[in-house]
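Sequence lines set the chain letters: A, B, ... in the order given, protein chains first and strands last, and positions in each chain run from 1.
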Amino acid sequence: MKRLLIFTLAILPLHAQIKDGDNLPAIDPQMAQYYHREVIPLPKDKIMGIGSVALLPDKKIAIGTRRGEIWICTGAYGDDLSKVTWQLFYEGLNEPLGMFYKDGWLHYTDRGEQGRMKDTDNDGLADTIQIISNAWGMTSDYHEYAFGSTPDQDGNVWITLCLTGSFHARAPWRGWVVRVTPDGKMIPTSSGVRSPGGIGFNAEGDTFYTDNQGKWNGTSCLKHAKIGGFTGCPVGNIFYQDAPHMGPRPTEPQSGSRIHTERQRIPELIPPAIQLPHGILGQSPTAVIHDHTQGKFGPFTGQMLIGEQTHSAVQRAYLEKVNGVYQGAAFAFLNGFNAGIVPMRLADDGTLFAGCTNRGWASTGEKAFSFERVRFTGKTPPEIKTMSVNKDGFTLTFTTPMDTKAAADLTNYSIKTWTYIYQEKYGSPKVDHTTPEITSATPSPDGLSVQLKVKGLQLGHIHHLNTKLPLWHQDAYYTLNEIPE
Amino acid sequence: MLIRTLLAASVLTTLTAAEDGKTLYKTYCAACHAADGKGANNGAFPPLAKSLWIQGKPDRAIQVVLHGLTGEVEVLGKSYNLQMPPQGAMLNDTQIASILTYVRSSWGNQESAVTPAQVTSARKNSTKQKGMWTAKNLLELHPLPPTASPIRNLIRSTYVGKWKKLPDFSKLESVSVEEEHKGILNLHDIAAKDNFGVVWEGDLEVPADGTYKFILDSDDGSALYLDGKKIMALNSTGPLYSRTQAVEITLKKGTIPIRVEYFEASQKQDIFLVWSGPSIPGKQWLSVRPNTKRKSTPVIDISPKGEKSTIYNNFIHHTTPRAISIGHSNGTNYTFSTKTCAMSILWSGKFINAAQHWTSRGVGRTAPYGKNITPLGNTGFITKDTTQFRGYKLDPLRRPTFQYTIGETTVTDAIMPGESPHTLRRTITITGDQTLPFQAATSRQAKQTNSSTYTLGGKWQLNTGNTTAQLTKNALILKLTPGTHTLNYSLLP
């Protein structure tokens, strides 16, 4: 009887509490018109630095904390967030940084394994834990994080493995993206990782991860984890010897060169799809998701959303494939979160859930941790929707019509370019600055797009477009890897 | 006139540099060090305001910015173990000079401007520095500036005697009287190692009106007097950090007499006295810092409460990086390596102090928190087949039964609390038709005490029951046939 009593207590949901001051105003006063950010109350007196989020059936949500607990949240979609309740589901993982629900199991990726858990006796607590793969190495280094994706079209989970201490490859597959098949086979998939912050897919199902500025990363970026590719940081390439399916080890890059230059020497080298200028557009990119909601989250269907830990923000990226290589434009998007974002999930109804933590890495949002949701208000923000490259310039499309006269006015646009040194040293200054000339601006009659002819496009450079058109964000950062024929 | 213009121009240049520095600082530094220089998140990150690291010559700070800093550092009396990433490859010399000029002239810092040339030459002089600095290596080259002690006219009188408590020094005659020129309590140059006493007397300069906190500790006893009044005392024998005392006291700006009494009985000798308060950046040492460093990590004791067991999954000493630790309600704890599928540590009492992993970045391995910690070395099945951890099932009291495979053979391994405190009842079940040798302990640890009992590391007893066991030259080997085997572990009385 005593046992039974303890048991019952354990599954009573904890009522969350909203404290005064939890809903801090967004830093960007314009954001509230378009996107409504709310803080979801967490269990009282719990330390909940959030490393992973999974969407569950019945509008429940699971979060994984950096202390290794998994909590289930009920009411996170509700109108009245004071009714949110939490229930502990499991405790005892090693910093889970990836989680999803499939066929009755909660799957997770933590430092040591990709596994799944289930509550088989319906008492509210997970009681069966199965290891799907633990085939990568670790050395007891805290930085050996493993970020796991949701399953791809074939059910594989993609995992990006941080370097030892974010500098070294002291255990197998550090510095690699691997994928784990549903039957537990681990396939080393692409090399070149330094210190990732998240992994996910674009609308086409290709895999992307964020990698942070540092060794061989002049600035933080979104990288395409192409099967058989090498994404830039060569430290983990020592493991090619154990990956015959990957072919020969790529030529070592020349430190001090440029990515674009080295691509000519190293055919396996996949350039960053999006370079996020350090300090300007974030400092520590994390979660990678795309908007699949067909307008429920605003006018950016199919685009990438990138979490940002230091600046406590979300960036937006429009990707296109040119000559078989991903590239595109990044834009500032949401901000003002209470702590640095690590995981994000976008629910089918257009609710964005963001898990936040700043333990060990500071963030502009000054809370230690937070769980938040963002919804589109229905008012379309005037934005550059897409920026795509042409043989002789760029085409911008807008979310709302621009005045065609203003859109045709050349003085409303400027472009500056620069790139970063591809080097072993940590980070890079902005280098090789150029100022291309915009020779014409031809808007479409409906004002929803404008074609810019540009003289002096620079391969391998970020093209920073600034416009004076009345937009929420007037800057775009286009990473030009390829120019279409 | 020309001079005035030049002067104005140079002031202007300095101001502009500081202005740029502010913008750059906000972009690249403020996320961690905070816009107000006090360290982000209420000081979870090191402050720059009034930090000694910023003071004096700028070389130290330039090196930190150029090459980064890793490992434990102490800033204003607080310890940090984070990682400052190197910025030297990203920021140019002018930018670094601007940022440091801003930092050195803001938030109460009043240090000279830094020129791009200083950064250029620092860069040249440190081309050999490949990785990040550690505090130790950097401070050897660029030591922190000495801080002036607020104690003036400090006199040290030494006494000889055998005490267990503080004696009445006024009734004793000192064997020597010396001046402490540095104004710092110092025991290191006293020749006697045991059975002596010291009284220090001096004038403490209080910089401003307000509340000051004094922290006193010693090996063995000590007492602090301010203005003739006893503030606190450690009137017994004992090591450092066993009886640390702190007192807050309101003082007026000015000079007051300070008196510290101390005695040493036997073994180690040390004293530490620090104070903090208005106009003191962080904590200031009034004694020589003790050599022994206190582990200042807070305690997050996650020992099981009630009947349920606790699971902990992070890096532990004496085992593989992949390992699950279990704390049972009967005060018995163990770690199970999920790499080798073997019990790797046994201990009793408290389970785990999670503070090391659950605060800041969570660096390093932590030690079991309890007693009778016994690493078991290489245990588990001896096989050429692949051993693969498959997972576990938890019973309602959150006690796992591990499952692993050895080639085609499936093994379940339930390490449950026994009936009495500090005992484990382990049930290993082999499904399949293989009989497998199982190493229960190394021969260095195992000593046979009876036909089926062995001591492990002198602290625990293993009863192998009906299972065939053999203590070889190298190991205690059990012969595990298909079916179920029960092993009982218990703490020796």
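- Between H278(A) and Y28(B) there is a side-chain heavy-atom pair separated by less than 4.5 Å.
- Under the 4.5 Å side-chain criterion, counting only non-hydrogen atoms from C-beta, I129(A) is in contact with L394(B).
- Looking at F315(B) and R111(A), their side chains come closer than 4.5 Å, going by heavy atoms from C-beta outward.
- H67(B) places none of its side-chain heavy atoms less than 4.5 Å from the side chain of Y426(A).
- For the atom pair OH (Y392(B)) and OG1 (T128(A)), the distance works out to 10.5 Å, reported to the nearest 0.5 Å.
- Atom CD in E91(A) sits 8.0 Å away from atom CD1 in I302(B) (nearest 0.5 Å).
- Scanning residues 81-91 of chain B against chain A with a 4.5 Å heavy-atom cutoff picks out L82(B), Q83(B), P85(B), P86(B), A89(B), M90(B), ordered by number.
- Taking the centre and axis of the six-membered ring of W358(B), the NZ or CZ atom of R66(A) falls outside the cone set by 45° and 6.0 Å.
- Heavy-atom distances place both the backbone and the side chain of R322(B) under 4.5 Å from chain A.
- For the residue pair N134(A) and Q388(B), a side-chain donor N or O sits within less than 3.5 Å of a side-chain acceptor on the partner.
- Using a 4.5 Å heavy-atom threshold, the side chains of R67(A) and I300(B) count as touching.
- In this structure, N314(B) CG and L93(A) CG are separated by 11.0 Å, a value rounded to the nearest 0.5 Å.
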